[in-house]
Amino acid sequence: MLLSDFSNRMGAFSSKIVALFLVAALSACQFQPLHGSNSNSTVSGGLASVGVSQVNSRVGQQVRNHLLFLLNGGGPAVDKTHEARIRVSWNNKLLAAIPTVRDTTSGTVTVTVSYDLVENATGNIIKSGQRKAIASYDRTGQVFANNRAERDAENRAAKEAAEALRLAIAADLSNTGS
């Protein structure tokens, strides 16, 4: 009887120590989300202060529009301390022809975005880089469906490239301390 009381007390004591240890370990974590809504965050504040250069193509405009939304999110206008000068190129490749009743082919659209992150006050290029995104699509015997599938693939690849570019700009800004 005495032995069972001792083991019960030790079991309760050890579970309390484990719980205390877990609380202490978790309180030491310093988690700061990159996509968080913390208004004091230097990363999100820095991203809102990045402008994006004009582009001259439909796919480029898709990249630019999505990037602007990712950087500012429709928030209040702030002074632009940096500018992302982007250059967008894309290509469309047909991959395979599958002989069936109607010839069906697969295609891919590759969107490549080159960028220079420029500090507006000095005009110095802080960082340059390139991001790519690929989207695939199917082609059928219908012309309109093919055009729509290709355009949808361009839009998907442009959106993915803008998301990769936003992460690159956030990393560039945090590395420079801006």
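A pairwise comparison of heavy atoms in A48 and V78 identifies O-CG2, 3.0 Å as the closest pair. In terms of heavy-atom proximity, L71 sits nearest to V50 at CD1-O, 3.8 Å. Among all heavy-atom pairs drawn from A161 and V111, the shortest one is CB-CG1, 4.2 Å. Shortest non-hydrogen contact noted between A153 and V109 is CB-CG2, 3.9 Å. Minimum interatomic distance between Y115 and R87 (heavy atoms only, all atoms of both residues): N-NH2, 3.9 Å.
Salt bridge D152/R148: present, at least one basic N to carboxylate O contact under 4.0 Å. D116 and K127 are not joined by a salt bridge, as no carboxylate oxygen comes within less than 4.0 angstrom of a charged side-chain nitrogen.
Taking OG of S89 as the start and NZ of K132 as the end, the distance is 8.0 Å to the nearest 0.5 Å. Here the straight-line distance linking atom CG of L67 with atom CG of L165 works out to 5.0 Å at 0.5 Å rounding. The line from OG1 of T108 to NZ of K93 is 6.5 Å long, rounded to the nearest 0.5 Å. From S174, atom OG reaches atom CD1 of I169 across 12.0 Å, with rounding to the nearest 0.5 Å. The CZ atom of F69 sits 9.5 Å away from atom NZ of K159, with the distance rounded to the nearest 0.5 Å. Residue L117 holds its CG atom at 4.5 Å from CD1 of I126, rounded to the nearest 0.5 Å.
Follow the hydrophobic side-chain contacts under 4.5 Å out from V143 and you never reach L94; the two are in separate clusters.
Residues in residues 58-80 take part in these salt bridge (Lys or Arg N to Asp or Glu O under 4.0 Å) pairs, two or more places apart or across chains: R58-E154.
Heavy-atom contacts from other residues, nucleotides or ligands closer than 6.0 Å to CG of N91 number more than 12.
Using a 4.5 Å cut-off between side-chain heavy atoms of Ile, Leu, Val, Met, Phe, Trp and Tyr, I125 falls into a hydrophobic cluster with V118.
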Take Y137 and N92, measure what side chain to side chain contact (heavy atoms under 4.5 Å, CB included) needs, and give me the verdict at the end. CA-CA 10 Å; Y137 66 98; N92 181 12; 2.6 Å; yes

Test E163 against H66 for side chain to side chain contact (heavy atoms under 4.5 Å, CB included), laying out the working first. CA-CA 8 Å; E163 290 169 358; H66 194 66; 3.4 Å; yes

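Checking each of L70, V63, L68, N65 against V52 for a side chain to side chain contact (heavy atoms under 4.5 Å, CB included) leaves exactly one that passes, namely L68. Test T81, N72, N120 against S49 for side chain to side chain donor-acceptor pair (under 3.5 Å) and you get one pass: T81.
Without hydrogens or angle criteria, S53 side chain to I86 main chain gives a donor-acceptor distance under 3.5 Å.
Checking Q142 against N146 by side-chain atom types alone, no donor-acceptor pair falls below 3.5 Å.
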